[in-house]
Amino acid sequence: MLDIRFVRENIDFVQKKLAERGQDIDLGRFSRLDQERRDILKEVETLRGERNTVSKEVGQRKKQKEDASDLISKMGAVSARIKELDESLKETEALFDEFLMTIPNVPHESVVSGTDSADNPVVREWGEKPVFTFEPKPHWETGEFLKVLDFAEGAKIAGARFTLYRGLGARLERALINFMVDLHAVEHGYTEVLPPFMVNSDSMRGTGQLPKFEEDLFKIEGTDYYLIPTAEVPVTNIHRGEILDEKDLPVYYVAYTPCFRAEAGSYGKDTRGLIRQHQFNKVEMVKFSRPDTSYDELEKLTANAEEVLERLNIHFRTVDLCTGDLGFSAAKTYDIEVWMPGQDAYREISSCSNFEDFQARRAEIRFRREESGKVEFVHTLNGSGLAVGRTVVAILENYQQEDGSVIIPEALIPYMNGVDRITPAV
RNA sequence: GGAGAGAUGGCUGAGCGGCUGAAAGCGAUCGCCUGCUAAGCGAUUGUACGCCCAAAAAGGUGUACCGGGGGUUCGAAUCCCCCUCUCUCCGCCA
């Protein structure tokens, strides 16, 4: 959610910034509703003030055993009017809030203007594409060949976009989770948390999934519970409604969770393999930062995510999302795209964003300045570190051998109980 | 799932129709005192929004907020209804 006062005072600037995102949002509606709301507020508050004063006098008179019936009947009318105004205020505010909730964040000034992913500048590349003496296969072929991924069974058990991992495939997934969480928790100073995998609608609102993106979520029928689409939701909401101490900032969390996504509107896209699933595992990093350091924190966060691939020795590049490709709540995002030789393409494996105070304002996450005692919104950040299923894909494709076996990256061998290669099951 | 008890400021905890944005204590901050520490003394100590003033900060003023929502009343932290959460006991259960 944007700052109402900021939008009010910089309406042309905001309109222009949103246009760069490719969003055609009528901020005239904002101004009209804002004005209407303030007009009602002014009137109702004046009346309330009057009622408070007179009611006090009623109390005084009663105490003196004097008659107050003239005041009481007068205030009856005032109260009725207040009730009327309250109702229209509620309506206007509901419209206003609903509208505000649909306005995306303003991109940071460093974000380049562009229409889609083709315009994202590459800011870094690491490593090199592996050279194969044979035609590298996509992971759905190596995975099935090695009997570590079973798409048919996944479909039978649940449906399309679900996969059954078997044997060393299941172990590889689990090894990656532990490897990633350990790296961030032990070496990068993040506090490990294991949150609920379902959250209530207040939490979904706090991080911006609701009200706009309900169709992307799985909801538990007959309850207020939603399956989380990312650990960002439960973890960012840890501090919802809180005022943190400045000395505790920045706060770092790392969490492993499964993620559940309805993938509405992506039918026909990435139907093969593990790339786009209804359920996948992810290790997520979340930060709460002071506003003045949040962009440094974003750089560090992105570096922490990149380090996972560096340790696994897999080629990737990092792109800076342009205005047209930026997510709803983000002010700036780096995507890490890993090289997938079997698909001859780079695929997103991590997305690291600074939301500035956009989520903090919705979720009311603030901190108190030590110096002045003033309360301000924190900046929230998060990034995948990494998407686990896609990392399995990257290993299966980058480390495949001509005989169809797959070598386990050095750094993972301890997590695989010493297994250094997946060979075809006999 | 059943029965009961609760939810008040950073924390503990009073209040149970008007004098309560809220006692008291703790904590915190500032000042005094002090060889140092401790103790002591004094002051300050919520958030949001509107309006006034203003370049801004500060300030002034109004309104709202005592788990959430609704109701009764001239007036609600206080009375009534619904919901959520916490605790205790019983049942069930990995």
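Every chain is numbered from 1, with letters handed out A, B, ... down the list of sequences.
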Any side-chain N or O of [X] less than 4.0 Å from the OP1 or OP2 oxygen of [N]?
X: A:Arg8; N: B:G50; value: yes
X: A:Lys56; N: B:G17; value: no
X: A:Arg51; N: B:G75; value: yes
X: A:Asn52; N: B:G18; value: no
X: A:Lys247; N: B:A28; value: no
X: A:Arg368; N: B:A28; value: no
X: A:Ser79; N: B:U73; value: no

Roughly how many Å is it from CZ in A:Arg369 to C1' in B:U29, rounded to a whole number?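 Distance, rounded to whole Å: 18 Å.
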List in chain and number order the residues that pass side-chain contact (heavy atoms from CB on, under 4.5 Å) with A:Glu410, two or more places apart in sequence or in another chain; answer none if no residue qualifies.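 Residues passing side-chain contact (heavy atoms from CB on, under 4.5 Å) with A:Glu410: none at all.
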Pairwise 5' ranking along RNA chain B for A:Gly76 and A:Arg48, keeping only the more 5' one: A:Arg48
Near RNA chain B, counting only heavy atoms under 4.0 Å, which residues of residues 232-244 of chain A show up? none
Strictly under 3.5 Å: I want the nitrogen or oxygen pairs between protein and nucleotides 77-82 of chain B, one per line.
none

